[in-house]
Amino acid sequence: MCQKEVRTRYAPSPTGFVHIGNLRSALYEYLVAKANGGKFILRIEDTDQKRYVEGAVEVIYETLKTVGIKHDEGPDIGGEYGPYVQSQRKDTYLPYAKKLVESKKAYYCFCSEERLENLRVQAEEKKVQFKYDRHCLKLTDEEIKQKLNSNEPYVIRQLMPDTGKTVYSDAVYGDIVFDNEVLEDQILIKSDGYPTYNFANVIDDHLMKISHVVRGSEYITSTPKYVLLYQAFGWEPPIFVHLPLVVKQGGGKISKRSGDAYFSDLLNSGYLPEAIVNFIVLLGWSSGTEQEFFTLRELENIFDIKGISKSPSTYDTDKLRWMNGEYIRKKTLEEFVEIASPWIDKSVSSNFDKEKICSMIQKRVEVLDEIPLMISFLNQPEIIDIQLYENKKSKCDVNEAKRILPIIRDKIREMDIFNHDSIYQMFTVTAQELEVKNGLVMWPVRIALSGMLITPGGAVEIADILGKNETLKRIEEAIIQLEKENA
RNA sequence: GGCCCAUUGGUCAAGCGGUCAAGACAUCGCCCUCUCACGGCGGUAACAGGGGUUCGAGUCCCCUAUGGGUCACCA
């Protein structure tokens, strides 16, 4: 049995931004294809000239590349069914529309936008649903020819059935039924000669042999129009796979205003592409198992349309943050140094050993943009308040700090080798000599070095990063301050 | 407003007629611990409401409510 090849497409319009809803669609489209051994096609839908944005197509390539999605056919790599940019296929649509006109399934319409606007206003006053009144359907062939000859602007509209029902079976939502009477005679070709989105979509999907149309559920209500178009041409419709929407906290569509919903923003804040992909794929899809970490490659094998849910899901960054942290922790030190480096440079002198800094913060960072604030104390201690030395839990207090800090200072002065191990040893030996817990001697040192109550890492790690001289300097300063306070 | 879709804890979600209704994030507590974090252990927390069908309903049907989508010469 020769089964039909699965072909899906990502058909963005180049607006310059990819928000996570778009990205998720691309991801699902890609995965539906790959999980079925099929092809994934990229097609640029730029039939709206007014919305053209410079460089927007590059943003799309860049996004796909960084998430690791490779398309099999597309504008940049070509393919059997090109071109893959709709503006470059402009001439392919009109003949199809005319074919429909010949078979009386579509007709020319010369109505001005003013006239339509008037009808709309009237309909609103009467509180009825606006629907084109088929004014131009009554035109005789002569009249049409004459208007065409005198170059009157026109659109081509599809003649919709006004009785009966249109049914289609959605791979996610099941059978969906619409009354034909709610359908307006949709415009196929606009007066600028470009096809409308819906029309171009159908023509291209058919020509490019798209087997599964995967897209957001906002298209469910326009799907009957698609189906009717396929029927008018006598083509077999593709399988429709509608995806539940991703909504923002509190509900509503994700918009430009809803903050970090753009892929590029997420990257700039220090989210990892793998984490974003993992998080997003789980927003509306479940593997049915308890596994929650997936690589793209794994998903390519196990993704299944059956796991797509019907209800919209809220885009909530809590879990994304956690997942990003998990991905960061899974990195090797070398990998983490690599990705954390730019963030460290933003905050701290390059004299410090990045590897040491990284091993201190790796377990504590969830999103990379936390790094600068987390380590800025390395430049200089925050303002010291002697009350910081009071700590119930460790039983440390100002007096203990005064006693311990000079001892530590003297010990450090004598140290020839100053590294993580030797520092740790120095602390533990001191604690033994004083017959106190390790924590009691480390606590005031940590405060002296950082000027903070809460630090990433402990006294040992911080001293190791600061180095012997800086460590001594900060301890001495702290001692001076404590004495001043006494006087 | 018409039409379409959805509704399991705060969030993501499993469930596809019989379960004490999984798991994860968040939250809370304990342990580990020089603080924080990581890690470990545990707790709180849900089937929107009402009718049916059935021996039995989160699961099937109807109604209500709520949320969302859609009604363009935008995509």
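Each chain gets a letter, A, B and so on, in the order the sequences are listed, and its residues count up from 1.
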Residue L116(A), side-chain heavy atoms: nucleotide from rG39(B), rC73(B), rC34(B) that is nearest: rC73(B)
Using the P atoms only, state how far rC38(B) lies from rG29(B), rounded to an integer number of Å. 15 Å
With C1' as the reference atom in both, quote the distance from rG51(B) to rG2(B) in angstrom, rounded to an integer. 27 Å
F110(A) ring centre to K147(A) NZ or CZ under 6.0 Å, with the angle to the axis within 45°? yes
5' priority, RNA chain B, between I454(A) and T47(A) [closest heavy atom]: I454(A)
Test for a donor-acceptor pair under 3.5 Å between the base of rG68(B) and the side chain of E218(A), counting only N and O atoms. no
Lys/Arg cation over aromatic Y226(A): R215(A), 6.0 Å, 45° cone: yes
Would you mind telling me which of rA75(B), rA26(B), rA6(B) lies closest to the side-chain atoms of Y173(A)? rA6(B)
Check if the side chain of R364(A) and the base of rC36(B) share a donor-acceptor pair of N or O atoms closer than 3.5 Å. yes
Taking the side chain of S286(A) as heavy atoms from C-beta outward, which of rA6(B), rA13(B), rA75(B) is closest to it? rA13(B)
Considering only residues two or more places apart or on different chains, which pairs with a residue in residues 430-442 of chain A satisfy side chain to side chain donor-acceptor pair (under 3.5 Å)? K411(A)-E433(A)
With both distances under 3.5 Å as the test, what is the Watson-Crick or G-U wobble partner of rC60(B)? rG52(B)
Which nucleotide sits closest to the side chain of K190(A): rA75(B), rC4(B), rU7(B)? rA75(B)
If the P atom of rC20(B) is compared with that of rC36(B), how far apart are they to the nearest Å? 41 Å
With the side chain defined as heavy atoms from C-beta on, E326(A) is closest, among rC73(B), rC34(B), rG39(B), to rG39(B)
Any strand counts, and the cut-off is 3.5 Å on both contacts for Watson-Crick or G-U wobble. Which nucleotide pairs with rU7(B)? rA65(B)
Does D133(A) come within less than 4.0 Å of R115(A), counting only side-chain N to carboxylate O? yes
Taking rA48(B) as the reference, what is the distance to rU11(B) when you measure between their P atoms (whole Å, please)? 13 Å
Nearest-angstrom distance, C1' atom, rA65(B) to rG49(B): 7 Å
Need one value for R321(A): base, sugar-phosphate or nothing, where a base atom within 4.0 Å counts as base even if backbone is also close, heavy atoms only. nothing
Identify which nucleotide among rA37(B), rA6(B), rC73(B) has an atom closest to any side-chain atom of K363(A), counting heavy atoms from C-beta outward. rA37(B)
If you check the E290(A) side chain, which of rA22(B), rC12(B), rC73(B) turns out closest? rA22(B)
Looking only at atom P, what distance separates rU7(B) and rC47(B), rounded to whole Å? 15 Å
Identified pairing partner of rG2(B), criterion: Watson-Crick or G-U wobble below 3.5 Å: rU70(B)
Can you work out whether W443(A) or T314(A) has the more 5'-proximal nearest nucleotide on RNA chain B? T314(A)
Is there a donor and acceptor pair closer than 3.5 Å between the side chain of T221(A) and the base of rC4(B)? no
Carboxylate-amine/guanidinium contact K331(A) E274(A), below 4.0 Å: yes
From rC12(B), rC25(B), rA75(B), pick the nucleotide closest to the side chain of T196(A)? rA75(B)
Watson-Crick or G-U wobble partner of rU27(B), both distances under 3.5 Å: rG43(B)
Would you say the ring centers of F303(A) and Y28(A) fall short of 6.0 Å from each other? yes
Quantified in whole Å, what is the C1' atom distance between nucleotide rU64(B) and nucleotide rC74(B)? 36 Å
Could you list the donor-acceptor pairs under 3.5 angstrom formed by side chains in residues 442-453 of chain A, with sequence neighbours left out?
| unit_1 | atom_1 | unit_2 | atom_2 | d |
| --- | --- | --- | --- | --- |
| R446(A) | NE | T455(A) | OG1 | 2.8 |
| R446(A) | NH2 | L453(A) | O | 2.5 |
| S450(A) | OG | R446(A) | O | 2.8 |
| S450(A) | OG | M452(A) | N | 3.0 |
| S450(A) | OG | M452(A) | O | 3.3 |

Distance-only donor-acceptor test (3.5 Å): side chain K319(A), base rA24(B): yes
Report the nucleotide, chosen from rA22(B), rA6(B), rC34(B), that has the shortest atom-to-atom distance to any side-chain atom of R446(A). rC34(B)
P atom, rC34(B) versus rG42(B): distance in rounded Å? 25 Å
What contact category does V155(A) fall into here, base, sugar-phosphate, or nothing, at under 4.0 angstrom with non-hydrogen atoms? base
Of all the choices, rA72(B), rA75(B), rC71(B), which nucleotide is nearest to the side chain of F130(A) once you look at every atom? rA72(B)
